[in-house]
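Notes follow once the structure below has been shown.
Indexing begins at 1, ligand by ligand and atom by atom, following the structure's order. We're numbering straight along the sequence, starting at 1. All values below come from the heavy atoms of this structure, side chains included, with hydrogens, waters and symmetry mates left out. The structure presented is a predicted model; accordingly, all values stated were derived computationally and were not measured.
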Amino acid sequence: MSTTVVDLRSDTVSLPTAEMRARMAEAIVGDDVYGEDPTVTELESKTAAIFGKEAGLFVPSGTMGNLLAIMVHCHRRGAEAIVGDLSHIFLYEQGGAAHLAGVQLATIRNQPDGTFSLQELRHKIRNYKDCHEPVTSLVVVENTHNICGGKVIPLAYLDELAALVREPGVGITRIALHMDGARVFNAAAALGVSVERITRDFDSVSVCLSKGLSAPVGSVLVGSKDFIAEAHRLRKALGGGMRQVGILAAAGLVALEQVVPLLVKDHERTKRIAAGVDKLRSPNVVVDMPSVQSNILLLQITQPKLAADEFANRLGVVEPEEIAAGVTDKQGAGIVLKASARDWEFMRLVLYHQVDDEQVELAIKKLTYVIKQYDARWP
Ligand SMILES: *Cc1c(COP(=O)(O)O)cnc(C)c1O
C-alpha cells in the first residue's frame with residue numbers, strides 16, 4: 001500500500017528551498033572567526049537593520065542566542081533572570097542559564113495567551129537594597145509563544161511591560177528586556193506590523209532562521225553594538241565561533257528575503273485546518289478558534305480515555321478501510337499525518353514553507369476521518 005506523508009510535527013522539519021541551495025553553493029565565504037566572511041557580515045547587518053538595532057550576531061541555534069543574551073545581560077554574580085514558566089528557556093534549554101552561565105532563573109506563571117501578569121512581575125522584581133536577594137537583571141518574553149500554541153503577544157502588553165521595567169525605582173540596576181523571538185516574524189505577520197515595532201523596547205532579540213523561515217541552520221541575535229561585542233566574545237567560549245559559515249548565512253539571507261513575506265500563508269493554512277476540525281463539532285477533539293493566531297495549532301482532547309500521543313500515533317497509521325473510504329491523495333495513496341503531543345491533553349500541528357494547499361487538504365481529510373472514528377466510539 002503506498003502512502004503520502006504530511007509532516008506537521010514542527011516547523012523545524014522545514015527544508016531549505018532550491019533558491020537557498022543555489023545561494024549556498026555560490027556564497028562568498030571567509031574565516032568568520034577572523035571576521036572575514038562577507039556573507040555572514042551581510043546577514044548580521046541586514047538582520048540588525050530589519051530590527052532597528054545596531055548590530056547582529058549569527059549563532060548556531062536559538063538556544064545559544066538565548067544563552068548569550070542571558071550571559072551578557074546577567075554578567076554580575078548573583079544575577080537573576082525572570083522567564084515564563086512555559087517558556088522555551090525554562091523548559092527546553094537544559095537549564096543552560098544555571099548550568100553554563102551561573103544565572104538563576106525565576107519563573108513567572110504564563111497565562112494561556114503567552115503573557116504573564118505585569119502586577120505579578122512588579123512583585124517579582126528584586127531589589128538588591130535587601131542583601132538577602134539576588135539582583136533581577138533581565139526579563140524575557142517569548143513571542144510568538146510556542147507552548148501556548150503560537151500566541152502573538154499584543155503590542156499594548158509589550159508597551160506596558162517596557163514602561164514598567166523602565167519606571168524609576170523598579171530594580172536598582174537597569175533591567176534588560178530580551179525577546180526570545182524564535183518566531184517573531186510570525187508575530188509580525190499575524191499583527192501586520194514590522195518586527196522592529198514589536199521589538200522596539202527590547203535590548204536584544206534572538207530570532208530563528210531554521211523554523212518557519214526554512215533555512216537549514218542558525219539564529220541571529222541582535223542588539224546594541226556593545227551588547228553584540230560581548231556576545232561575540234562569549235560565543236567563542238561556547239564553541240560557537242564558526243569558520244566559512246557564509247555557506248549557512250546565505251540560506252538565512254534567502255529566508256529573510258523570500259520566506260518571511262510568505263508567513264501569512266502558513267497562518268491562513270493553519271486556520272483552514274483548525275476550521276476543518278472545528279466544523280466537526282466533535283465531543284472528543286476540540287479547537288479554540290480565537291487561539292489560532294499563527295502557524296501552530298493545538299487540538300484539545302476532551303475524551304478522558306484518549307491521550308494526545310495515542311491520537312498522534314493513530315494519525316500516523318493508514319488502516320486498509322481508510323483507502324476504501326477514499327481517505328487518500330489523488331493517486332490513491334493513504335495519508336500518514338505526523339503530529340506531536342504537547343502533553344497528554346493537547347496535540348500540536350505546525351505549518352511551514354513546504355506545506356502547500358494540497359497537503360492541507362490531505363491533513364483535513366485524515367483528521368476528519370480519525371475524529372469521526374472517535375466520535376462513533378464515544379458519541
Ligand atoms: C526552537 C526554539 C528555540 C531554540 O532554538 P534551537 O535552534 O532549537 O536551539 C528557542 N525558543 C523558542 C520559542 C523555540 O521555539
Side-chain angles (χ1 to χ4, degrees), residues 8-16 43 47 56-71 81 83-97 99-101 105 107-108 110 113-116 138-153 158 177-190 195 198-199 202 204-222 231 235 238-240 242 245 248-249 251-252 255 259 263 266 270 293-298 340 342-343 346 348-353:
L8 303 184
R9 285 171 300 167
S10 172
D11 47 10
T12 56
V13 305
S14 59
L15 296 171
L43 174 67
T47 311
L57 185 70
F58 188 46
V59 292
S61 67
T63 300
M64 191 184 287
N66 284 333
L67 179 59
L68 286 171
I70 291 170
M71 290 174 93
V83 302
D85 67 348
L86 298 178
S87 66
H88 195 280
I89 288 181
F90 181 63
L91 293 177
Y92 301 127
E93 298 183 10
Q94 236 189 65
H99 189 27
L100 301 162
L105 293 181
T107 56
I108 183 163
N110 274 123
D113 68 355
T115 65
F116 39 76
L138 174 68
V139 174
V140 182
V141 173
E142 186 172 312
N143 193 15
T144 62
H145 200 289
N146 179 9
I147 283 294
C148 292
K151 292 285 168 51
V152 179
I153 309 299
L158 296 174
L177 284 177
H178 172 69
M179 184 173 285
D180 177 358
R183 297 184 182 82
V184 69
F185 280 108
N186 290 90
V195 285
I198 292 174
T199 63
F202 282 71
S204 56
V205 186
S206 169
V207 54
C208 283
L209 302 168
S210 63
K211 303 249 165 107
L213 301 199
S214 221
V217 180
S219 284
V220 184
L221 182 64
V222 296
R235 182 185 66 177
L238 295 180
M242 300 177 285
V245 71
L248 298 176
V259 185
L263 291 175
D266 294 342
T270 307
Q293 298 175 359
S294 59
N295 66 326
I296 302 178
L297 168 60
L298 292 179
S340 54
R342 186 193 80 173
D343 47 35
F346 285 92
R348 179 172 177 264
L349 301 165
V350 191
L351 276 77
Y352 52 90
H353 190 62

Which heavy atom in K211 sits nearest to a heavy atom in A182, and how many Å separate them? NZ-CB, 4.2 Å
Quick one, list the residues around ligand 1 where some non-hydrogen atom comes in under 4.0 Å, by chain and residue number. S61, G62, T63, N66, H88, E93, E142, N146, D180, A182, R183, C208, K211
Please enumerate all residues that pass side-chain contact (heavy atoms from CB on, under 4.5 Å) together with A69, with sequence neighbours excluded. H73, H178, S204, L221, F227
Between L298 and G149, which heavy-atom pair has the shortest distance, and what is it? CD1-CA, 3.7 Å
For L238, give me all partners under side-chain contact (heavy atoms from CB on, under 4.5 Å), at least two apart in sequence or on another chain. M64, L67, L68, M71
For A187, give me all partners under side-chain contact (heavy atoms from CB on, under 4.5 Å), at least two apart in sequence or on another chain. N143, T144, V152, I198
Quick one: closest heavy-atom pair of N295 and T270, and the distance? CA-OG1, 3.4 Å
